[in-house]
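A short worksheet on the structure shown next.
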Amino acid sequence: MKQKKPKGDRFAADKVIAASLTGAAFGAMLIAVARGGERETTLAVQTGLQEAATADAAGGAPAAIVPTPVGQQATSPAQAAPLPRARRSRAS
Amino acid sequence: MRSGWYFAFAAGAAGMVAGWVVGRPLMEEFGGVSGHEAWYVSRAAGLASYLALAASLAVGATMSSAIGDGLVSRARLLAIHQALGVSGLALALAHALALLFDGYTDFDLPSLAVPFAASYEPMLSGLGTLTLYLFALATATFWIRRQIGMRLWRLIHLTSIAAFGGAFVHGVLIGSDTMLGWVQGVYLAGAAAVAGALAVRLTYRRPRRSAVAPVRG
């Protein structure tokens, strides 16, 4: 007589595949977000350098380059926060 | 808890660990993001969670509509629906908890756990918290549906549609990546999958089997 397969084992492979795909999606997003972060950071620093150079040429004090957390003010590219953080302050 | 779930949890955890092991050096390679890992992990987990929950809802609505009968068994769709839901919920939790380690947004446990208590974007953050609770409720009640009754279970389960709407609004409005084309693609793909599956669920009528066998000759 054929023994009935335990109910718990049904579609275990499907569950594993679905969970693995979700984990893989997380990894892919992590890479994509980090790559986006690289471009944004580079752009922010470039923009900052440009603005600082413009301010120097005008003889004025360099302006704040990117928005920074409350209570702090970045005045040089070295102090500039990466754009993801700056973007968050945009929404606040 | 059945053995399939243990395997699924192990696979999901392994996938996340693999994502971290592979993604971490790549983050350094691409972005030099030391110090921002928590923020990156939170964003990635939020987006992956959104996709998983959208897929879960789409599979659930498809299963419920019976349009796939004959192609794939409902029991199989149910297993996939649940696994995607649990994985999406785990990622949503990771999305929230990662913020505890982010230095900028200044979230602590009470501001994450209590809706609208956060100092950073209180409305939208609170919407995210509520969404997480609704998804957790809809997922958890699956295992106690006999105890609570099908009627209440179905009602709770339906709130996951509202929760998905909340997740969409939360992601689009608070997400710092919303301006990026591929992120907009993620949001649109998830929303389109859910909307399409719900449209099928509401409009599809299963053809009735004829009671009388066709007469030949």
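Note on naming: letters A, B, ... go to the chains in the order of the sequence lines (proteins, then strands), and numbering restarts at 1 for each one.
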Contacting region of B:Ala55 [heavy-atom separation from chain A under 4.5 Å] = neither

inquiry  = Distance check, rounded to the nearest 0.5 Å: B:Leu47 atom CG versus B:Ser42 atom OG?
reply    = 9.5 Å

note = Correct closest heavy-atom pair for B:Leu134 and B:Ala163 would be CB-CB, 3.7 Å

ask   = Does the side chain of B:Leu132 come within less than 4.5 Å of B:His95's, by heavy atoms?
value = no

ask   = Relative to chain A, which segment of B:Val183 carries a heavy atom at a distance below 4.5 Å: side chain, backbone, both, or neither?
value = neither

ask   = If you draw a 6.0 Å radius around CZ in B:Arg154, do more than 12 non-hydrogen atoms from other residues or ligands fall strictly inside?
value = no

key: Contact class of B:Ser73 relative to chain A, heavy atoms under 4.5 angstrom   = side chain

